[in-house]
Amino acid sequence: MAGSIERVTQAAVAAGLEIEILRMGASTRTAEDAALQCGCSVAQIVKSLIFQGESSGKLYLFLVAGNNRLDIGKAASLAGEALKRADPRHIRDETGFAIGGVSPIGHLIVIPAFADETLLGFDQVWAAAGAHDAVFSAEPRALLAAARARAADLAAA
Ligand code: 5CA
């Protein structure tokens, strides 16, 4: 999507997060693909999952470690309402990112965000940068701050 990588750059600058966006020239659409390209563990890949409130229709962002599954019950508790998976087109319209390139930062609208606390156990994590082959690395606490994401227990057991 035109401009989506630039939007990530601008959001990082605005948040004081120094990043270098890398175009890998190969798919980083999934956590497994991204880990292979970045030469890191799947656990260090930040999945940016968008869910929608059943009653409000609001979107929520959950930053989940690549080796974890989001516990939908825990996610609903954090959001304060029942959640469903958001439709890909709705995600694209509201965030400005297509599935596979949804970044933790730089959305078109402000989206309440929560982050898997296991990400904090690493020196460095990798996240999508607005395209299906674009990634950046960051120190996890700095990334969560830039995404205004609250760390929480949100992984399925
Ligand atoms: N670039 C990689 C790693 S940084 C990435 O974006 N991974 S991801 O996990 O954040 O994005 C892929 C995720 O999109 C999948 O885990 C899945 O939860 C979600 N997804 C895939 N297909 C759909 C769909 N049809 N509707 C809604 N979400 C989907």
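It should be emphasised that the depicted structure is a prediction, and the values quoted were computed from it without experimental measurement.
For an aromatic pair to be called close, the ring centres must be under 6.0 Å apart, and Phe62 with Phe114 satisfies this.
Once rounded to the nearest 0.5 Å, the distance linking CD1 of Ile91 with CG of Leu59 reads 7.5 Å. Between the NZ atom of Lys74 and the CG atom of Leu83 there is a distance of 14.5 Å, given to the nearest 0.5 Å. Separation of atoms CZ (Arg150) and CG (Leu63) is listed at 13.0 Å; rounding is to 0.5 Å. To the nearest 0.5 Å, atom CG of residue Asp153 and atom CG of residue Asp71 are 8.0 Å apart. Taken from CG in Leu49 to CG in Leu70, the straight-line distance is 6.0 Å, to the nearest 0.5 Å. The distance from atom CD1 of Ile105 to atom OG1 of Thr95, rounded to the nearest 0.5 Å, is 13.0 Å.
Counting all heavy atoms, side chain and backbone alike, Leu154 lies closest to Ala115 at CD2-C, 3.8 Å. Between Ala127 and Val46, the shortest heavy-atom contact is CB-CB, 4.0 Å. Here the closest heavy-atom approach between residue Leu78 and residue Ala152 is recorded as CD1-CB, 3.8 Å. Of all non-hydrogen atoms in Ile21 and Ala134, the two that sit nearest each other are CG2-CB, 4.2 Å. For the residue pair Ser103 and Ser48, the shortest heavy atom distance occurs at C-OG, 3.6 Å. The two residues Ala113 and Ala147 come nearest to each other via the heavy atoms CB-O, 3.8 Å.
Ring planes of Phe97 and His107: perpendicular class, angle over 60° (limits at 30 and 60°).
Using a distance-only test at 3.5 Å, with no hydrogens or angles considered, no donor-acceptor pair links the side chain of Gln52 to the main chain of Lys84. Side chain of Gln44 to main chain of Ala35: no donor-acceptor pair is present (N/O by atom type, distance under 3.5 Å, no hydrogens or angles).
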Residue pair Gln124, Ser137: steps toward the side-chain hydrogen bond (donor to acceptor under 3.5 Å, both in side chains) verdict:
CA-CA 6 Å; Gln124 190 183 41; Ser137 66; 3.1 Å; yes

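By the ring-ring contact (aromatic ring centres under 6.0 Å, His included) test, Phe136 is found to be paired with no residue, residues two or more places apart in sequence or in another chain being considered. In this view, Asp133 and Arg23 satisfy the salt bridge (charged side-chain N to carboxylate O under 4.0 Å, His left out) rule, not counting sequence neighbours.
Residues Thr28 and His132 have side chains not in contact (no heavy-atom distance under 4.5 Å, counting atoms from C-beta outward).
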